[in-house]
Amino acid sequence: MGKKCISLSMVVMLLGMLVTTMDASQIDDVSCSEALLSLLPCLPFLQGSGPDTPPSNCCAGANNLNQKAATTEIRRNICNCLKPAASRFGVNSDRSKQLPQLCNISLSVSFDPSIDCNSVP
């Protein structure tokens, strides 16, 4: 139990450092920091270190972010924010592809390190 708490604390600290060093530009209604924080509860699932299903707060964050990504431009900008973060945090591509189905949402932006953001509709 203690190791999980320490691991989660380290992830939160790393994400905090990442967020503060990234460009805090506004992506229309969503900042890059806000996009990353929306998906923070998903990180253990996306890395493959958590349970086989994402927690409810992960799905709520993904759904909230998806609702704010109302245009192609916003979705591509969010993608360009999430893609390098996915690489830095070791996101498993298979898990990222499972997230929309497991959360019962039609996610228009992927948290996948291999995505071509220019192809996001």
Side-chain angles (χ1 to χ4, degrees):
M1 179 69 175
K3 287 184 180 183
K4 285 185 178 181
C5 186
I6 291 170
S7 295
L8 183 57
S9 297
M10 293 298 288
V11 168
V12 170
M13 286 177 24
L14 286 171
L15 184 60
M17 291 182 339
L18 174 68
V19 167
T20 58
T21 60
M22 292 186 77
D23 181 9
S25 64
Q26 191 73 13
I27 308 168
D28 291 304
D29 290 340
V30 185
S31 70
C32 185
S33 299
E34 183 182 356
L36 290 168
L37 289 173
S38 293
L39 296 176
L40 179 62
C42 303
L43 199 53
F45 168 78
L46 291 169
Q47 291 174 322
S49 62
D52 290 338
T53 58
S56 61
N57 59 343
C58 162
C59 292
N63 188 42
N64 182 46
L65 182 59
N66 193 53
Q67 288 177 0
K68 291 181 178 182
T71 68
T72 299
E73 180 181 5
I74 295 171
R75 288 187 291 273
R76 287 182 180 172
N77 287 336
I78 291 172
C79 177
N80 283 313
C81 167
L82 297 179
K83 183 176 179 173
S87 292
R88 284 187 192 117
F89 288 107
V91 169
N92 179 306
S93 292
D94 291 333
R95 287 278 183 114
S96 69
K97 291 172 186 169
Q98 294 170 1
L99 185 67
Q101 180 182 6
L102 293 173
C103 287
N104 295 315
I105 58 175
S106 177
L107 193 60
S108 55
V109 179
S110 178
F111 195 50
D112 186 344
S114 63
I115 191 169
D116 174 10
C117 293
N118 291 323
S119 69
V120 172

Exercise. Which residues pass the salt bridge (charged side-chain N to carboxylate O under 4.0 Å, His left out) test with K83, sequence neighbours left out?
Worked result: none

Problem set entry | Set of residues satisfying side chain to side chain contact (heavy atoms under 4.5 Å, CB included) with respect to N118, sequence neighbours excluded | D116

Problem set entry | Spacing of CG belonging to L46 relative to CG belonging to D94, to within rounding of 0.5 Å | 11.5 Å

Exercise. Tell me, do C59 and N63 make a side-chain contact under 4.5 Å, heavy atoms counted?
Worked result: no

Exercise. Quick one: SG on C32 to CD1 on I78, what's the gap to the nearest 0.5 Å?
Worked result: 9.0 Å

Exercise. Do you know which two heavy atoms are closest between L37 and P41, and how far apart they sit?
Worked result: O-CD, 3.7 Å

Under 3.5 Å, which donor-acceptor pairs link side chains of residues 96-107 to any protein atom two or more places apart or in another chain?
| from | atom 1 | to | atom 2 | distance (Å) |
| --- | --- | --- | --- | --- |
| S96 | OG | S93 | O | 2.8 |

Exercise. Residues in side chain to side chain contact (heavy atoms under 4.5 Å, CB included) with A86, at least two apart?
Worked result: V91, F111, P113

Problem set entry | Short side-chain to backbone donor-acceptor contact, N77 and E73, under 3.5 Å | yes

Would you give me the side-chain donor-acceptor pairs under 3.5 Å for residues 49-56, sequence neighbours excluded?
| from | atom 1 | to | atom 2 | distance (Å) |
| --- | --- | --- | --- | --- |
| S49 | OG | P44 | O | 3.4 |
| D52 | OD1 | R95 | NH2 | 3.2 |

Exercise. Are V120 and V30 in one and the same hydrophobic cluster, where Ile, Leu, Val, Met, Phe, Trp and Tyr link if side-chain heavy atoms are under 4.5 Å apart?
Worked result: no

For this session: Would you check if the side chain of N66 reaches a backbone N or O of A62 as a donor-acceptor pair within less than 3.5 Å?
Result: no

Seminar exercise, completed: Residues at least two apart in sequence or cross-chain that pass side chain to side chain donor-acceptor pair (under 3.5 Å) with T72, listed by chain then number, are R75

Exercise. Nearest 0.5 Å, what's the CZ-CG distance between F89 and L36?
Worked result: 7.5 Å

